[in-house]
Novice: 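Attaching a single structure in structure tokens format; questions to follow.
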Amino acid sequence: MKRHLIIALALLITTMANAQKTPVKAVFDVSSSNEDLHETVVRHIGLMAKAYPDSEFELVAYGGAYAMLVDGISTVKSGISEITKMDNVSVVVCQVALEKHGKNKSDLIPGVGSVPDGIYELLLRQQEGWGYIKEMK
């Protein structure tokens, strides 16, 4: 009886450990101009990308969050620069938000891309099966 319990427990632990290694795809939704939130999302993505190198992560910024990706005004430029160098991370900003604020692609931190519409990008990723994370503060 003890032996069966030990085997069952070992299988459970192995299954749980392997579940954390299963690659995932997650899209992070950031629309707030809150600079503390910007620091938080950059930290979350950086830590997750390092811990799960076989997974994919995308940060989609729109609305007031556009500023976190604009060179010269971003308060998280160094963090954005670090995560955009990671093979499993992409960072994009909504072109509509950029235009609304008189910015264009040349104003972005190197490594940051743009999409025509941030909300549409989020919908596409979810349709493709990506997990959705709304960063809030």
Side-chain angles (χ1 to χ4, degrees):
M1 180 68 172
K2 271 187 174 179
R3 183 171 182 228
H4 292 293
L5 183 59
I6 291 170
I7 292 172
L9 185 58
L11 286 172
L12 178 62
I13 290 170
T14 301
T15 301
M16 289 172 63
N18 286 336
Q20 289 293 307
K21 293 179 184 176
T22 301
V24 298
K25 295 180 179 183
V27 60
F28 287 75
D29 174 343
V30 185
S31 59
S32 171
S33 61
N34 183 308
E35 294 173 352
D36 290 337
L37 174 70
H38 299 169
E39 290 178 23
T40 299
V41 71
V42 168
R43 184 176 63 251
H44 286 166
I45 292 172
L47 290 171
M48 291 184 75
K50 286 177 188 170
Y52 308 105
D54 293 331
S55 293
E56 293 179 54
F57 305 95
E58 182 174 63
L59 185 159
V60 178
Y62 62 101
Y66 85 96
M68 74 182 287
L69 303 178
V70 174
D71 201 4
I73 62 173
S74 174
T75 60
V76 290
K77 179 181 177 179
S78 64
I80 293 295
S81 294
E82 283 183 38
I83 66 173
T84 58
K85 291 176 187 169
M86 302 173 106
D87 292 336
N88 58 342
V89 175
S90 63
V91 177
V92 297
V93 65
C94 174
Q95 190 65 40
V96 173
L98 286 178
E99 290 171 7
K100 179 180 177 184
H101 296 281
K103 303 294 182 187
N104 58 53
K105 293 178 188 180
S106 66
D107 296 313
L108 299 175
I109 295 167
V112 173
S114 68
V115 292
D117 185 306
I119 294 172
Y120 192 74
E121 176 74 3
L122 292 166
L123 293 171
L124 286 175
R125 290 299 189 207
Q126 290 177 78
Q127 189 176 39
E128 295 168 353
W130 287 55
Y132 171 83
I133 300 169
K134 175 66 176 175
E135 287 281 355
M136 298 171 51
K137 241 195 193 188

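Note that the numbering runs from 1 along the sequence shown for the chain.
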Novice: Is the closest side-chain heavy-atom distance between S31 and K134 below 4.5 Å?
Specialist: yes
Novice: Going by heavy atoms in the side chains, are V24 and Y52 under 4.5 Å from each other?
Specialist: no
Novice: Test of understanding: clusters of I, L, V, M, F, W, Y form through side-chain heavy atoms closer than 4.5 Å, transitively. Do Y132 and F28 belong to the same one?
Specialist: no
Novice: Same cluster or not: I119 versus V92, using hydrophobic residues (I, L, V, M, F, W, Y) connected whenever any side-chain heavy atoms lie under 4.5 Å apart?
Specialist: yes
Novice: Kindly indicate, with the supporting measurements, whether the criterion side-chain contact (heavy atoms from CB on, under 4.5 Å) is fulfilled by V41 and M68.
Specialist: CA-CA 11 Å; V41 71; M68 74 182 287; 3.7 Å; yes
Novice: Verify the cluster assignment for I73 and V76: are they in a single hydrophobic cluster under the rule of side-chain heavy atoms below 4.5 Å apart?
Specialist: yes
Novice: Please give me the minimum heavy-atom distance between N88 and S55, naming the atom from each residue.
Specialist: CB-O, 2.9 Å
Novice: Less than 4.5 Å apart, side chain to side chain, heavy atoms only: is that true for V96 and Y62?
Specialist: no
Novice: Take atom OH in Y120; do more than 12 heavy atoms of anything else shown fall under 6.0 Å from it?
Specialist: no
Novice: Taking the side chain as C-beta and beyond, is there a heavy-atom pair between E58 and K25 under 4.5 Å?
Specialist: no
Novice: If two hydrophobic side chains count as joined below 4.5 Å and joins carry through other members, does V112 share a cluster with I83?
Specialist: yes
Novice: Which atom names give the shortest non-hydrogen contact between G118 and C94, and what distance separates them?
Specialist: N-SG, 3.3 Å
Novice: Could you see if M86 belongs to whatever hydrophobic cluster contains L69? Use Ile, Leu, Val, Met, Phe, Trp, Tyr and a side-chain cutoff under 4.5 Å.
Specialist: yes
Novice: Does anything in residues 64-81 form a side chain to side chain donor-acceptor pair (under 3.5 Å)? List the pairs, not counting sequence neighbours.
Specialist: D71-K77
Novice: Could you tell me if the side chain of T84 sits less than 4.5 Å from the side chain of I109, heavy atoms only?
Specialist: no
Novice: Counting C-beta onward and ignoring hydrogens, is there a side-chain heavy-atom pair between L98 and V70 closer than 4.5 Å?
Specialist: yes
Novice: Can you establish whether the number of heavy atoms outside D87 located under 6.0 Å from its atom CG is more than 12?
Specialist: no
Novice: When rounded to the nearest 0.5 angstrom, what distance separates CD in Q95 from NZ in K100?
Specialist: 14.5 Å
Novice: Check whether any side-chain heavy atom of V89 sits under 4.5 Å from a side-chain heavy atom of L59, and report yes or no.
Specialist: no
Novice: Return yes when atom CD of E128 has more than 12 non-hydrogen atoms of other residues, nucleotides or ligands closer than 6.0 Å, and no otherwise.
Specialist: yes
Novice: Before giving the answer on side-chain contact (heavy atoms from CB on, under 4.5 Å), spell out for E135 and H38 the whole-Å C-alpha distance, their side-chain angles and the decisive distance to 0.1 Å.
Specialist: CA-CA 9 Å; E135 287 281 355; H38 299 169; over 6 Å; no
Novice: Over all heavy atoms of both residues, which pair between G63 and A97 is shortest? Give the atoms and the distance, please.
Specialist: N-CB, 3.8 Å
Novice: Under the side-chain contact (heavy atoms from CB on, under 4.5 Å) rule, what do V27 and L122 come out as? Steps first, then yes or no, please.
Specialist: CA-CA 7 Å; V27 60; L122 292 166; 3.6 Å; yes
Novice: Would you say that F57 contacts H44 through its side chain, given a criterion of any heavy-atom pair below 4.5 Å between the two side chains?
Specialist: no
Novice: What are the two closest non-hydrogen atoms of V93 and L108, and how far apart are they?
Specialist: CG1-CD2, 3.7 Å
Novice: Can you tell me how far the OG1 atom of T40 sits from the CD1 atom of I45, to the nearest 0.5 Å?
Specialist: 11.0 Å
